[in-house]
Structures are given as structure tokens and as C-alpha cells.
Amino acid sequence: MKISPTSIPDVVVLEPKVFGDARGFFLESYNEEVFRRSTGSELTFKQDNHSRSSKGVLRGLHFQVEQPQGKLVRVARGAVFDVAVDIRPTSATFGQWVGIELSEDNNRQLWIPPGLAHGFLVLSESADFLYKTTEYYAPAHERSIAWNDPAIGIEWPLFGASPVLSAKDAAAPSLAASLAGDGR
């Protein structure tokens, strides 16, 4: 597996080796030993999730204030622009973001450790997004940050279009308000 660091040191891109021929392909999407060695994380995964979204759907930015989730994310079908935002107040990269394209063609995965917010924008007609989490989903502890918070300045590849948002994401507050406890 090829491992590439990002501008946020704890966020890592993992690219599995793909074995392909005329019949199709095979790849190992997760190997605990390789994951631990690559990320330095001893966390275990507790939940696997799968979502399907249409082009232009933007999900996020989400995080949990208790039971923070680390996420290993990938795309099985389609393509997304995936974003992690460092919201750890004592981090040297607090408020910074990293974004990469994940697709069925590039087979990249992104490791987003606990304590970061996460979101993605669907670039293809639809996308199947898969992710493993280190903690269970806890709706009472989930918070959101506005996808377009100017204090973060994420450069979403929207090409002039408006994203399709859930009501919760459309009403999400700024990073400052979210961390002050107003991010429900």
C-alpha cells in the first residue's frame, strides 16, 4: 500500500495495490497491520457505513463532541471531493483543511483521525461512499460546521453550482460557533 502524508500530519492518503486483468481487479481495502503501521493508530473500527448520493450533494462538515470518530473513507462507485478539517483547538494545524478526490478509478482512501470534521461533495452522477469508524454514531453528540465557513475557506470544486444540502447542513453554524457549543 502506498502511503502519502497531507498538509495535516495525522491525515493520511492510502492507496492500495490493485491487481487487474481482463476479468476485473482485486484490491485489499483494509489490513489492520498495514493500517496501524501506516497511520500510527492503535484504534479499532466499530462500525462500517455506506451512503449513496447524487451529483452535487455535499454532506458535512460533521463531527462528534463525545465519542469522536476516526474515519477511513473510500469510494466504491463514482467520485467525490473529500475534506477533513482540523478542529482540535491545541493542534498546530487548527482550522486548516485538506481535500482530495476519491474515486472508483484511483482507489484512494483517506484516514481522518478522531477530532477532525469531515465532509464530501459528489462529483460524479452518483457515488457510493464507504467508511469505517472508530466509534459508534452518536446522534446526541453530532455537530456540524458550515461547509462554506470563510474562516476555513474550503475550495470546493462547485464550478459555479450550488451544492445540494440537507436541512441540518444548510443551517450549520461557523467553526467558532460549533466549538462554542452552538453547533447542533
Query raised in the report: Any side-chain heavy atom of L130 within less than 4.5 Å of one from V73?
Result: no
Query raised in the report: Tell me, do V12 and S4 make a side-chain contact under 4.5 Å, heavy atoms counted?
Result: no
Query raised in the report: side-chain hydrogen bond (donor to acceptor under 3.5 Å, both in side chains) with E42: which residues, sequence neighbours excluded?
Result: R36
Report task. Find the distance between CZ (R37) and CD (E32) and round it off to the nearest 0.5 Å. Result -> 12.0 Å
Query raised in the report: If you take all heavy atoms of G95 and I152, which pair is closest and at what distance?
Result: O-CG2, 4.0 Å
Report summary line: Heavy-atom closest pair (M1 atom, Q109 atom, distance to 0.1 Å) is CE-NE2, 4.4 Å
Report summary line: When rounded to the nearest 0.5 Å, the distance separating CG of N106 from CD of E15 is 6.5 Å
**Report entry** Sub-4.5 Å side-chain heavy-atom contact between R74 and R108
**Finding:** no
Query raised in the report: Shortest non-hydrogen contact from S178 to P173?
Result: OG-CG, 3.4 Å
Report summary line: In this structure, CZ of F25 is separated from CZ of F19 (nearest 0.5 Å) by 12.5 Å
Query - Spatial distance of atom CH2 (W111) from atom NZ (K71) [nearest 0.5 Å] - result: 11.0 Å
Only pairs under 3.5 Å count here: list side-chain donor-acceptor contacts from residues 51-63, not counting sequence neighbours, and write none if there are none.
residue, atom, partner, partner atom, Å
R52, NE, D128, OD1, 2.6
R52, NH2, D128, OD1, 3.4
R52, NH2, D128, OD2, 2.9
S53, OG, R59, NE, 2.7
S53, OG, R59, NH2, 3.1
H62, NE2, D169, OD1, 2.7
H62, NE2, D169, OD2, 3.4

Report task. Answer whether the closest heavy-atom distance between the side chains of I3 and T39 falls below 4.5 Å. Result -> no
Query - Close side-chain approach of E33 and N31, heavy atoms under 4.5 Å - result: yes
Report summary line: Paired with I112, the side-chain contact (heavy atoms from CB on, under 4.5 Å) test is passed by just one of L72, D82, D10, namely D82
**Report entry** Option from F129, W97, W147 for which ring-ring contact (aromatic ring centres under 6.0 Å, His included) with H118 holds
**Finding:** F129
Query raised in the report: Is it true that a side-chain atom of S174 and a backbone atom of A177 form a donor plus acceptor pair closer than 3.5 Å?
Result: yes
Query raised in the report: Is it true that a side-chain atom of Q64 and a backbone atom of A138 form a donor plus acceptor pair closer than 3.5 Å?
Result: yes
Query raised in the report: Would a distance-only check, ignoring hydrogens and angles, find a side-chain to backbone donor-acceptor pair under 3.5 Å from S103 to A79?
Result: no
**Report entry** Test item: V75 and Y131 side chains (from C-beta on) under 4.5 Å apart, heavy atoms
**Finding:** no
Query raised in the report: Do the side chains of S144 and K168 get nearer than 4.5 Å, heavy atoms only?
Result: yes
Report task. Return the minimal non-hydrogen interatomic distance between V83 and I154, and the atom names on each side. Result -> CG1-CD1, 3.7 Å
Report summary line: Distance col, row I87:CD1 vs Q96:CD, nearest 0.5 angstrom, shows 14.0 Å
Query raised in the report: Counting distance only, does the side-chain N/O of D48 pair as donor-acceptor with the main-chain N or O of K132 below 3.5 Å?
Result: no
Query - Close side-chain approach of V13 and I100, heavy atoms under 4.5 Å - result: yes
Query raised in the report: Can you name the closest pair of heavy atoms from P16 and L27 and give their distance?
Result: CG-CD1, 4.1 Å
**Report entry** NZ/NE/NH1/NH2 to OD/OE distance under 4.0 Å, R77 and D105
**Finding:** no
Query - Test log, rule ring pair (Phe, Tyr, Trp, His ring centres under 6.0 Å), inputs F35 and F45 - result: CA-CA 11 Å; F35 175 78; F45 293 106; 5.2 Å; yes
Query - hydrophobic_cluster_shared for V18 and F26, side chain cutoff 4.5 Å - result: no
Report task. Scan side-chain atoms only and decide if E142 and Y137 contain a donor-acceptor pair under the 3.5 Å cut-off. Result -> yes
Query raised in the report: Of all heavy-atom pairs between L116 and A84, which one has the smallest distance, and what is that distance?
Result: CD2-CB, 4.1 Å
Report task. Could you tell me the separation between the CG atom of D86 and the OG1 atom of T93, rounded to the nearest 0.5 Å? Result -> 3.5 Å
Query raised in the report: Counting only N and O atoms by type, is there a donor-acceptor contact under 3.5 Å from the side chain of T6 to the main-chain atoms of V11?
Result: yes
